[in-house]
There are 2 protein chains.
Amino acid sequence: MRISELATRTGVPVPTLKFYLRERVLHPGRATSRTSAEYDEGHVERVRLLRVLAEHGGISVADLRVIVAALEAPPPSRHELLGAAHDVLPGARTGTPAGEEVTGLFADLGWPVPADAAFAAGLGEAVDAARAAGVPITPTTLRRYAAAMRHVAEVDVGLALAAASPADALRTVVVGTVLVDPVLAALRRVAQQVVSTERA
Amino acid sequence: MRISELATRTGVPVPTLKFYLRERVLHPGRATSRTSAEYDEGHVERVRLLRVLAEHGGISVADLRVIVAALEAPPPSRHELLGAAHDVLPGARTGTPAGEEVTGLFADLGWPVPADAAFAAGLGEAVDAARAAGVPITPTTLRRYAAAMRHVAEVDVGLALAAASPADALRTVVVGTVLVDPVLAALRRVAQQVVSTERA
DNA sequence: CTATCGTGGAGAGTTGGACTATCCGGTGTC
DNA sequence: GACACCGGATAGTCCAACTCTCCACGATAG
């Protein structure tokens, strides 16, 4: 199909598609002449992915570029895949070591987390920010949060392992991590109301 | 103190403070003459709150205005307080009824959630977005996520109930909801790595 | 008592990100 | 062979969040 059909199929205007091509988040079509190219279902898929990550996940074009690059080079093992996906996601602090409290938390929980894991430092920052704003987060609080998120992670990993191919698994991890966060946030708010009602 | 001292105390430039005053997210100081005003510790606190919500919570100035308005008018009961806080937070869809799947989920779980709760509709949208991007979320998946977030909510409500005053509780709920989300997201990613390692 | 200096207030300008519009020479197509 | 459509490039728009510039005036140090 040509670019105008890609536009009608995805509902994205032609100038925006050209913008995505320029920004290298959409791979070029197969050129059929100097002034036309052929796009396929892969392009339709990609455009839909870009839109949903940008609109519902709030991912910037710069981060989209990193993400699609990772999607196009799937690592061999399913386990490495998770690390690769995480390095790419916004919020990761690759190379920055985590603070003492965070490493202590992981030791307490018996979690074998390397101190330089992509999100360990980000976790420390997030906790400090919440405390700076007056939220009384104690080590106990943090342990309880961690235990709950472990249950979430069990579900997440199950979804990824159920994928048909490594490429599918990578896609599920990256997209799932970004797009399930808002689902969890909404569930958290609803659950707060429920717990609060029950205690009243 | 005068505006320049407020600027040095908070590390925020004077023109930015003037911008916050114009946008009515920072309450005016007590005017001591036509060309000067007196700011106090409440202003320092407020500016720190604005910065941490904007930087770590990604809250826009328009949403900040709604949040600070809510903080200045605390509702009488602690239970109403949660609803008031949630109506104000980004992602809320006040007045929009939730979809069938979401109301069914709540019925399944035995959660007494009104169909027009602030986040019920947002939840449906978030789930649809994730599915549109190819994340295979089943009703079972959703129930497991909900169970985990219920544990998170137990901790949240405990924190809010421990606050000294209703005003403190409101602050804890609003700020905690916004700023603990990134903490949970980071914990989720770390837990994914741990679970994945254990299964390998 | 006077020369700055800082202030509140308001409008205009800047920056960055994400598009969107215009142009252009070159097809493809009826 | 007219004419819409294409790809490629450049420039322009729009929004949010600041940031700058003025202005007239009050504060305060010499």
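Letters A, B, ... mirror the listed sequences (proteins, then strands); counts begin at 1.
- Using a 4.0 Å heavy-atom cutoff across all strands shown, B/A31 reaches no nucleic acid atom at all.
- Judged as a salt bridge (charged side-chain N to carboxylate O under 4.0 Å, His left out), the pairs with a partner in residues 3-15 of chain A (not counting sequence neighbours) are, in order, A/R9-A/E41.
- The CE-C1' distance, from B/M1 to C/dG6, rounds to 16 Å in whole Å.
- When DNA chain D is scanned 5' to 3' for any atom under 4.0 Å from a heavy atom of chain B, the first and last hits are D/dA17 to D/dA27.
- For the atom pair B/D156 CG and B/H151 NE2, the distance stands at 12.5 Å (nearest 0.5 Å).
- Among all heavy-atom pairs drawn from A/P28 and A/L21, the shortest one is CA-CD2, 3.9 Å.
- Pairing each heavy atom of A/L187 with each of B/L142, the nearest pair is CD1-O, 4.4 Å.
- Counting only residues at least two apart or on different chains, the salt bridge (charged side-chain N to carboxylate O under 4.0 Å, His left out) pairs with a member in residues 164-178 of chain A are A/E45-A/R171.
- For the pair B/E5 CD and C/dG6 P, the interatomic distance rounds to 14 Å; values are reported in whole Å.
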* Structure fact -> B/S/- along nucleotides 9-22 of chain C (protein heavy atoms under 4.0 Å) is BBB------SBB--
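- Here the side chains of B/M149 and B/L184 are in contact, with some heavy-atom distance below 4.5 Å.
- Within the structure, side-chain hydrogen bond (donor to acceptor under 3.5 Å, both in side chains) pairs that include any residue of residues 118-129 of chain B comprise B/R93-B/E125 (at least two apart or interchain).
- Contacts classified as side-chain hydrogen bond (donor to acceptor under 3.5 Å, both in side chains) and involving residues 12-23 of chain B (residues at least two apart or in different chains) are given here: B/E23-B/R65.
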